[in-house]
Amino acid sequence: MPRIVVDVMLKPEILDPQGKAIVGALPRLGFTAFSAVRQGKRFELTVDGEVTDEILAQAREAAETMLSNPVIEDVVNVEVVADQP
Amino acid sequence: MPRIVVDVMLKPEILDPQGKAIVGALPRLGFTAFSAVRQGKRFELTVDGEVTDEILAQAREAAETMLSNPVIEDVVNVEVVADQP
Amino acid sequence: MTETPLIGGATLAPVDARLAGARIGVVTFPGTLDDRDAIRAVRVSGATAVELWHADSGLGGVDAVIIPGGFSYGDYLRAGAISRFAPLMSTIIKAATGAASSNPLPVLGICNGFQILTEAHLLPGSMIKNDHLKFLCRDQVLRVENNTTAWTNAYSAGQDITVPLKNQDGQYIADEKTLDALEAEGRVAFRYVGGNPNGSRRDIAGISNAAGNVVGLMPHPEHAVEAGYGPGHTGTDGLGFFTSVLNTLLGGN
Amino acid sequence: MSETSTKKFNIDTVENAAVTPDVQLPWAELGLKQNEFDDVVKVLGRRPTGAELAMYSVMWSEHCSYKSSKNHLRQFGEKVTEEMKKDMLVGIGENAGVTNLGDGWAVTFKIESHNSPSFVEPYQGAATGIGGIVRDIISMGARPVAVMDPLRFGAIGHPDTARVMHGAVAGIGGYGNSLGLPNIGGEMVFDSVYQGNPLVNALAVGVMRHEDIRLANASGLGNKVVLFGARTGGDGIGGASVLASESFDSTKPSKRPAVQVGDPFAEKVLIECCLELFKGSLVEGIQDLGAAGISCATSELASNGDGGMEVELTSVLLRDPTLTPGEILMSESQERMMAVVSPENVAAFEAAMDKWAVEYSWLGEVTDTGRLIIKWEGAVIVDVDPRTVAHDGPVYDRPFARPEWQDALQADTFTGSVQDAARPSTAEGLKAAVLELIASPNMCSKDWITNQYDRYVGGNTAMAFPDDAGVIRVDEETGLGVALATDANGRYTFLDPYHGAQLALSEAYRNVATSGAIPMAVSDCLNFGSPEDPDVMWQLAEAIRGLSDACMELGIPVTGGNVSLYNQTGTTPIHPTPVVAVLGKFDDVARRTPSGWAEDGQAIYLLGTTAAELDGSEWANLRGHLGGAAPKVDLKRERELGEILINASRDGMIDAAHDLSEGGLAAALVESSLRNNAGARVALDEVAARDGVDIFTLLFSETQGRAIVSVPRSEEVRFNDMCTARRFPVSRIGVVDAAGGALDVQGLFTAPLDELREAHEGTLPKYFG
Ligand SMILES: Nc1ncnc2c1ncn2[C@@H]1O[C@H](COP(=O)(O)OP(=O)(O)O)[C@@H](O)[C@H]1O
Ligand SMILES: [Mg+2]
């Protein structure tokens, strides 16, 4: 079944404690290439049947109203992904 | 600066308590098009300078060893995204 | 500053020199919370507690190690995920898997310590968010399913004990094959009784490795060692963990 | 603006300000009034620079300067006897007061509000509320040992209440649990007056040895000033910077966070790191960064010290490199501290930081000029007398007057009202009323909240919710410890601010004494509407007068607190809500008295007498009535009751005690039965006859100065003798029936404990899941 992926990130100006802890830990494991890390959320919404425009619009609205907290987060991506085995 | 996005999801066979709560709440807000929801993590790793193959390999390895726990999670995506304004 | 490690400093007199000779290490990571409590529990049992720092790589000659509860690295990323890579953990993993000796190091992981042990793959499975998605603190009844491990031999098999439970990511999960194997090998050490508090598979509260030297559980025995400060104001059911390891170390078991 | 520009900003220097007196500054947007801005100009003898304006505007705000309440708050310092000062090691004015516990131990505690951030973003608002109050406690040199959280929400069924409730409780738990601080008590009240203005107050308590007490001052010429902890971001300086004139590209102002996100892990590490600094005596002075950030820390440290201070602002480590100097000074980023370190301790200080992986930067040093000088790449952008920033802010004598509606409100008593017409009197009616009461939003079990809080961590919690007070052991060898309770009744205070504030104190005092501790000190958080409304200002003035009078009479000083004003939606203020915290002391916490009885056959006694006081009660509230007179305050009686409860605990005469407050005797009987699932048989006719009230009134009246206790058979004579000797009214009303499984009010009704429990515990899960 097709899925709609919604990506939500903390707004850039908002402190991301998790990202901060990760970027501090990476070099200790030898991963030195990254100067900053931010952690966000990825939602996969399964649709039974075809993804119509109407359904995509619903996903966008759900992303803005429920899946993200507009006070601190941005919806950075809403996209349809093809069915996977 | 370019970023590498790493997406991590719980393995399909593991029940996702957060996704379950969301899929239960969506219809109450009128979002009836979705039969299942899963919540995962999205990491954005910032790279100072160019994303070389070596750096991308580092990101992949970090994704497998630290950003995900292979017992319960899958790395579903590692990709470079262009700089944003 | 005056030396006041606890709010006072637990200086319970060692009752028995033999016990006091047993040195139990308690690991502190940044964000560890229950290290003081674990140290107190060790002292109450009569042994000597040794503070261990995550960034060191030596174990200071301790006879056993407790990885206490808390929110190491804030539980950011995943509970225990960042701590698992501390230098001291590499040493602990080596000593606990006993590749080099026939006496593998007894290791107890409590709550966040349990999560660290699963992230380190010393114990199978993992913890995810409680099924009700909330932090839950309550007095919890556990059944001791296996009383032959290094940390449970002071209990009788099937005994019910009450200790505090307090966590957000306490739902134990593993694939069916692993769960079946745990059951078959008697490695389910504790099960929740009187209602599953978080959705853990098969009501599992704690497990051990095959050798029985490594035990991890979500509830907190170290919070039930002193009358007046544990469950129901009187409970001291947790003390058995700390006397068990002394049995093991002193050859009583 | 001058042309002395750096790569990034047009920097408004002092030199520049002196020669450009006519530059328009956005003082109004920054919240200053014309007269206040004129004062700044007068103080400086020139116009302020942008950076100076930023500092004055935040430090002279209501929140930081207490300009509307200062004249009234003085009474807390004035109405104190020598006796009350005896154990006060540090009084009002410092980050938190310090009270002597004996044996070289001291305790510090304080309560603060984080109300409006918690409405905007409940999780983060409440979380950072806990973070802020805990840093106040650390900055005194103490190890924090517990937190509490008095909460007020809108109507339980309102659609927005669940959002605030879920977020605030999860935030308090998320932050406090991660710090390893047990939560030991608090409050929860639902009332539509708090709909647009929930109250999230937070209390923290810490302990230390006397020699470890630290103060916020920068003394000692040449000592170094260091900022450590989290990096400075644009938190708390508003969506768009009004100091945009400073930014080099004013066409594109950078985004500033609308809310602050807490990082409890960073704070936990900060706590441990500070304790290590204290242990090694590595800091001369220390100050937390809360509201007004670096403006507050530098000006307070400097003005409390013996010289001046000079710092280079570009040394501040930034999370957001686009911040202007003014914004850096105003930023309220969390999890930061500032300290003064002598040069010989610099290396040891840095080693402690490195051990805990805490970032730090050396900003400057203590001088002997008496000035606070702040530079930006060497150019002076602030040159002020720090006192003028930190202490000499405006003070207003705001007009106040008893509201014209107050008399009518007080005349509208519950007794005889329409709502009172159907007062239950039959056995069945009374039982139903009891069930309704204990299931009601304010009287129901708070487990849904408190189960989300870690009460065990630390291993020193001798008592916590739902007992009357939280009790923490301080010294593991002797059992020396403290008890804490917080209380406030907004309805009482609305009916009568003077007495309402006293009732808040009475109840907190009574709760502490009921646990067996000797009350010692008070902290308060005054949550009120706009001080510019004379009605509200009267409520505030009356509450402060009432509270300070009552503290004097009870002999316990206010050691610190917080004022939160402008809690209103439009022109409708919240009920005046003076939350009062009382701290008590135990020589040995093993003596603490829990609220539930357990032992079969023990006698149940009611201490105190009951009058017909239903005005403002929970019962009247349930019936939708608010009017009349608040219950009578009787501080002498509270004191006597306290002495009895403390003696009885010390001498082992009682096994359980529960005070009577909201919900009266009915609530207390149910709560004491449910605590350990041990029922009771009680007979009330005799007391009702003695007090001249009907059974309904006896059960639901909220007369103060009362408690129920359970007494072992062997102690009954001694207990009775003690009460009689003190001429304190006492009556044996029943016995514990541990196995009976019911609360049996003889001659009236029997309520099975299961039924009571279902009613009591079902409410919050029903509304909040
Ligand atoms: N928000 C809260 N956080 C922690 N404890 C709470 C909270 N609200 C209520 N409690 C606890 O629940 C118990 C009952 O509350 P309450 O009836 O208000 O007590 P009291 O009438 O004795 O002041 C007390 O132990 C109180 O500390
Ligand atoms: Mg009470």
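Residue numbers begin at 1 in each chain, while the letters A, B, ... track the order of the sequences.
- Within the 4.5 angstrom heavy-atom criterion, no atom of C:His132 approaches chain B.
- Within a 6.0 Å sphere centred on NZ of B:Lys20, other residues, nucleotides and ligands contribute 12 heavy atoms or fewer.
- Both the backbone and the side chain of C:Leu77 come within contact range of chain B, with heavy atoms under 4.5 Å apart.
- Proximity of C:Ile82 to B:Met66: side-chain heavy atoms (C-beta onward) are separated by under 4.5 Å at one or more points.
- Looking at every heavy atom in both residues, C:Glu119 comes nearest to B:Asn69 through OE2-ND2, 3.2 Å.
- To the nearest 0.5 angstrom, B:Leu15 atom CG is 6.5 Å from C:Ile128 atom CD1.
- When C:Arg84, C:Lys129, C:Glu176, C:His121 are compared by the number of non-hydrogen pairs under 4.5 Å with chain B, C:Lys129 comes out ahead.
- Contact of C:Asp175 with chain B is not made at all, since no heavy-atom distance falls under 4.5 Å.
- Under a cut-off of 6.0 angstrom, the local environment of CG in B:Asp53 is sparse, with at most 12 non-hydrogen atoms contributed by other residues, nucleotides or ligands.
- Per-residue counts of heavy-atom pairs under 4.5 Å with chain B were compared for C:Thr178, C:Asp131, C:Leu133; the largest is that of C:Leu133.
- Only the side chain of C:Gln171 comes within contact range of chain B, judged by heavy atoms closer than 4.5 Å.
- Contacts of B:Lys41 with chain C are made by side-chain atoms alone, with heavy-atom separations under 4.5 Å and no backbone atom involved.
- Of the atoms belonging to B:Glu13, not a single heavy atom falls under 4.5 Å from chain C.
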